A.B. asks: 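After the structure tokens below, expect a handful of questions from me.
Because the structure is predicted, anything quoted here is derived from the model rather than measured.
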Amino acid sequence: MNGHDPLGYGSAGHAQAGDALMGAAMAALADGIGVLAAIIDGPGFKDTGTITDFEWLTANHAAERLFGHPLAGRRLRADDLQDGDGAGLFACLADCVMEKQAVRRLVVAPGGARWRIAATPLDTHPLGVGLAAPTVCVSLVELGPEVPTVPESDRAHRAKAEFLAHMSHELRTPLNAVLGFSEVLLAETFGPLGSPRYRSYAADIHASGTHLLSLIDGILDLSQSETTRTEMQEEAINVADAARQALAQMGDKAAARGVDIGEDLSGDLPLLYGDARALQRMLTNLLSNAVKFTPSGGQVMLSASPMPDGGIGLMVADTGAGIAEDELTRVLEPFGSADMAVPRGATGTGIGLPVVKRLMEMHGGRLDLYSEPGAGTTAILMFPPRRSLPHAASHGIPHGVA
């Protein structure tokens with residue numbers, strides 16, 4: 001036994017043992033590991049040659065799973081695993097051989113998956129008598145498809161909308177209690193209040209609470225319309241019935257302000273395929289604005305008719321204060337308001353019209369606004385033809401309408 005070879009392997013035994021140990025180590029790794037030899041076309045295997053292919057000498061199971069087949073003995077062609085910038089696996093290996101240094105890249109594999117590649121040059125590999133090829137050890141880690149980055153402004157906008165929605169829900173519970181108890185006081189359910197001032201105070205509490213609830217509802221609608229999670233509950237809607245319901249809700253408010261409110265609803269209106277709650281909210285917002293900014297003795301009219309293109313149009317017109325043309329864009333932005341002479345007590349939050357605009361966009365329609373100071377304002381809801389349904393569709397929505 002050789003004193004310098006206590007295990008008795010000899011030089012050939014050492015090589016076999018080294019290969020076995022390397023193979024065992026590679027097999028145990030979770031990352032894809034392989035060794036490839038460069039196939040160079042040119043005089044000898046010098047730097048002047050051109051690398052045409054790489055041949056897989058060995059690879060562990062993790063690497064073979066990435067490619068979907070055994071790798072040993074296979075060739076890696078120059079046109080394999082190239083991404084749009086030409087910096088694929090082949091280019092990474094070629095750069096490693098030519099530069100004689102480690103190269104690390106992030107490449108896009110077939111199917112869109114991203115691979116992190118690290119290539120390290122090794123000793124030359126014997127291919128025949130007097131011939132040796134440069135070899136490279138490569139590690140492959142699959143990172144999965146690239147996740148699109150969300151712009152910081154979009155994330156901030158979404159966070160703001162979600163915060164407003166959360167706070168609106170939290171405020172509604174105590175506010176409903178305030179409204180409920182104020183109604184109990186006004187009705188004197190448990191006995192007379194005594195001084196008439198108490199009834200006046202209870203009425204003020206109820207009126208203020210109602211205004212605040214309306215404001216919270218507007219903020220909630222605005223925030224929900226700005227988030228991608230909003231889903232419409234679509235159904236066939238009788239537009240005339242929805243319009244009359246909105247008019248009924250505004251009747252007392254209009255009468256209290258001395259504003260005449262009327263309707264002009266076409267008898268041949270088709271059904272509207274949309275969100276009934278959203279339509280009711282839009283009509284209520286428009287009518288509320290019209291009544292609020294129309295002085296006593298003025299008029300508000302709600303009209304609805306089929307459009308020449310097959311769509312549906314609803315119009316709310318008033319004889320109120322009106323808005324200057326250069327301020328129409330501002331009032332359609334959240335919390336925007338116009339500088340105009342308004343009736344006493346008419347204050348706006350700048351939420352109603354932006355909510356209507358967003359809800360119309362969700363329906364694929366648009367809000368048109370026309371106004372002139374001192375001559376009133378006209379708001380028109382334009383629903384596209386694909387939102388119109390024949391009345392027979394009330395018993396079943398046809399496919400492909402939405």
Side-chain angles (χ1 to χ4, degrees), residues 151 153-169 171-172 210-233 242-243 246 249-250 253 272 274-294 300 302 313-318 320-340 342 346-373 376-384 387:
S153 58
D154 289 353
R155 287 198 296 269
H157 188 70
R158 188 175 305 156
K160 179 191 72 175
E162 292 178 352
F163 170 77
L164 289 175
H166 176 73
M167 290 304 299
S168 297
H169 281 297
L171 289 172
R172 286 178 64 89
T210 301
H211 173 72
L212 183 56
L213 182 61
S214 176
L215 175 61
I216 291 173
D217 286 340
I219 294 176
L220 183 59
D221 283 336
L222 183 63
S223 61
Q224 286 179 340
S225 67
E226 290 180 342
T227 60
T228 57
R229 298 179 299 179
T230 303
E231 293 184 4
M232 295 195 300
Q233 303 297 320
Q249 292 177 354
M250 296 304 303
K253 181 178 180 181
L272 173 66
D275 189 307
R277 179 185 174 278
L279 176 62
Q280 200 62 225
R281 187 67 183 174
M282 288 187 284
L283 293 177
T284 301
N285 282 4
L286 293 180
L287 288 171
S288 178
N289 274 356
V291 170
K292 183 188 305 179
F293 294 107
T294 298
V300 173
L302 171 58
L314 292 101
M315 180 177 72
V316 175
D318 65 60
I323 306 170
E325 183 178 358
D326 58 353
E327 293 185 333
L328 290 176
T329 302
R330 187 196 307 176
V331 299
L332 292 175
E333 296 298 325
F335 308 105
S337 60
D339 295 328
M340 58 182 178
V342 298
T347 57
T349 59
I351 294 178
L353 289 177
V355 168
V356 175
K357 180 174 179 288
R358 301 278 171 80
L359 293 177
M360 281 302 296
E361 290 170 350
M362 289 169 57
H363 282 82
R366 72 177 192 271
L367 166 64
D368 291 342
L369 201 61
Y370 305 93
S371 190
E372 183 179 342
T377 301
T378 298
I380 304 176
L381 305 179
M382 304 285 289
F383 290 93
R387 290 284 175 183

A.B. asks: Of all heavy-atom pairs between Gly364 and Pro384, which one has the smallest distance, and what is that distance?
C.D. replies: O-CG, 3.6 Å
A.B. asks: Enter the distance from Asn285:CG to Lys292:NZ here, rounded to the nearest 0.5 Å.
C.D. replies: 9.0 Å
A.B. asks: Minimum heavy-atom separation for Leu283 to Ala246, with atom names?
C.D. replies: CB-CB, 3.8 Å
A.B. asks: Looking at every heavy atom in both Leu287 and Met250, which two are closest together, and how far apart are they?
C.D. replies: CB-CG, 3.8 Å
A.B. asks: Measure across Ser288 and Lys253 and return the closest heavy-atom pair with its distance rounded to 0.1 Å.
C.D. replies: OG-NZ, 3.0 Å
A.B. asks: Nearest 0.5 angstrom please: Met360 CE to His363 NE2, how far?
C.D. replies: 7.5 Å
A.B. asks: Quick check: are there more than 12 heavy atoms from other residues, nucleotides or ligands sitting under 6.0 Å from CD of Gln249?
C.D. replies: yes
A.B. asks: Which distance, rounded to the nearest 0.5 Å, do you find between the CG of Leu367 and the CG of Leu314?
C.D. replies: 11.5 Å
A.B. asks: Distance check, rounded to the nearest 0.5 Å: Glu325 atom CD versus Leu369 atom CG?
C.D. replies: 11.0 Å
A.B. asks: At their closest point, which heavy atom of Pro373 faces which heavy atom of Ile323, and how far apart are they?
C.D. replies: CD-O, 3.6 Å
A.B. asks: Hey, mind stepping through Leu272 and Phe383 against side chain to side chain contact (heavy atoms under 4.5 Å, CB included) and telling me if it holds?
C.D. replies: CA-CA 8 Å; Leu272 173 66; Phe383 290 93; 3.7 Å; yes
A.B. asks: Evaluate the side chain to side chain contact (heavy atoms under 4.5 Å, CB included) criterion for residues Asp318 and Asn289: first the C-alpha distance (whole Å), next the side-chain angles of each, then the deciding distance (0.1 Å), finally the verdict.
C.D. replies: CA-CA 9 Å; Asp318 65 60; Asn289 274 356; over 6 Å; no
A.B. asks: Which value, rounded to the nearest 0.5 Å, describes the distance between Leu279 atom CG and Leu381 atom CG?
C.D. replies: 7.5 Å
A.B. asks: If I compare all heavy atoms of Gly376 with all of Ser371, which pair ends up nearest, and what's the gap?
C.D. replies: O-OG, 3.1 Å
A.B. asks: Contact between Leu353 and Leu286 at the side-chain level, heavy atoms closer than 4.5 Å - yes or no?
C.D. replies: yes
A.B. asks: I need the Leu359 CG to Arg277 CZ distance, nearest 0.5 Å.
C.D. replies: 8.0 Å
